[in-house]
Amino acid sequence: MEQVVRVKETFADGTALVVHVRQSACSGDCHKCSGCGAAQETIILRASNPIGAVRGQLVILESDTGSVLKAAAILYMLPILLFFVGYFVGDALWQRGALAGCAAFAVSILVSLVYDRKAAGKEKTGYTIREFAGQPF
């Protein structure tokens with residue numbers, strides 16, 4: 001995944017702090033739609049800086065997608081898959097497919113929660129500045 005960010009600070013070890021301002025989907029025109037009060041969220045990340053970007057430059061930041069895809073598979077695919085496996089196995093063995101499917105779904109939610117807690121302690125996503133996107137201010 002790529003995003004345009006601004007370099008906030010650079011370090012001698014070849015990394016940089018970058019700032020990304022995340023805006024809501026409604027573009028912040030709250031007065032046009034009776035106001036939702038959507039706030040902007042500022043995210044500061046440390047990224048590898050192989051191109052030597054300096055403070056104030058707009059750059060394109062690339063993030064690893066492997067950990068994001070793994071999390072998405074566990075959080076979205078596993079519950080659906082286990083529900084259907086539980087349903088068909090439960091129906092074939094005990095004629096209680098819906099009950100077994102719901103039980104398997106509950107187990108998958110527990111697995112997702114355990115994975116989330118385990119992954120929260122580790123920063124697996126790596127960020128790299130790939131190229132320049134604009135002029136410094």
Discussion item. If the condition is side chain to side chain contact (heavy atoms under 4.5 Å, CB included), which residues does E9 pass it with, not counting sequence neighbours?
Written reply: F11, L17

Fill in: Which residues share a side chain to side chain donor-acceptor pair (under 3.5 Å) with Q3, sequence neighbours left out
H20

Worksheet item: Does one hydrophobic cluster hold both L99 and I109, with members joined at side-chain heavy-atom distances below 4.5 Å?
Response: no

Practice prompt. Rounded to the nearest 0.5 Å, what's the gap from OG1 on T128 to CG on D64? Could you check?
Written response: 6.5 Å

Practice prompt. May I ask whether I43 and Y127 are part of the same hydrophobic cluster, defined by side-chain heavy atoms of I, L, V, M, F, W, Y residues being less than 4.5 angstrom apart, directly or through others?
Written response: yes

Worksheet item: Is there any salt bridge (Lys or Arg N to Asp or Glu O under 4.0 Å) pair reaching into residues 86-112, and which pairs are they, with sequence neighbours excluded?
Response: none

Item to complete: Could you tell me which residues satisfy side chain to side chain contact (heavy atoms under 4.5 Å, CB included) with V114, sequence neighbours excluded, listed by chain and number?
Response: none

Discussion item. I'd like to know whether V18 forms a side-chain contact (heavy atoms from CB on, under 4.5 Å) with I44, so could you lay out the CA-CA distance, the side-chain angles of the two residues, the decisive distance to 0.1 Å, and finally the verdict.
Written reply: CA-CA 6 Å; V18 296; I44 299 175; over 6 Å; no

Worksheet item: Near Y87 OH, under 6.0 Å, is it more than 12 heavy atoms from other residues, nucleotides or ligands?
Response: no

Worksheet, complete the sentence: Between the CD1 atom in I60 and the CD1 atom in I51, the distance rounded to the nearest 0.5 Å is 9.0 Å

Worksheet item: side-chain contact (heavy atoms from CB on, under 4.5 Å) between V5 and V59: does it pass, once the steps are laid out?
Response: CA-CA 6 Å; V5 297; V59 293; 3.7 Å; yes

Worksheet item: Going only through I, L, V, M, F, W and Y residues with side-chain contacts under 4.5 Å, is there a path from F83 to F88?
Response: yes

Worksheet item: Counting distance only, does the side-chain N/O of R130 pair as donor-acceptor with the main-chain N or O of E62 below 3.5 Å?
Response: no

Item to complete: Determine whether Y115 and L81 fall in the same hydrophobic cluster, where Ile, Leu, Val, Met, Phe, Trp and Tyr are linked whenever their side-chain heavy atoms lie under 4.5 Å apart.
Response: no

Worksheet item: What is the minimum heavy-atom distance between A100 and G90, and which atoms define it?
Response: CB-CA, 3.6 Å

Worksheet item: Just one of T15, T10, V7 clears the side-chain contact (heavy atoms from CB on, under 4.5 Å) bar with N49, so which one?
Response: T10

Item to complete: List the steps and the verdict of side-chain contact (heavy atoms from CB on, under 4.5 Å) for T42 and V19.
Response: CA-CA 7 Å; T42 301; V19 177; 3.6 Å; yes

Worksheet item: Hydrophobic clusters join Ile, Leu, Val, Met, Phe, Trp and Tyr when side-chain heavy atoms are under 4.5 Å apart, directly or via other members; which others share one with Y76?
Response: L75

Worksheet entry | Single-linkage hydrophobic cluster, 4.5 Å side-chain cutoff, F105 and L78 together | no

Worksheet item: Which heavy atom of P79 sits nearest a heavy atom of S108, and at what distance?
Response: CA-OG, 3.1 Å

Worksheet item: Sequence neighbours excluded, which residues qualify as side chain to side chain contact (heavy atoms under 4.5 Å, CB included) partners of A104?
Response: L82

Practice prompt. Run the numbers on F132 and L58 for side-chain contact (heavy atoms from CB on, under 4.5 Å), then give the verdict.
Written response: CA-CA 6 Å; F132 297 103; L58 287 175; over 6 Å; no

Worksheet item: Is there a side-chain contact between S48 and I129 (heavy atoms, below 4.5 Å)?
Response: no

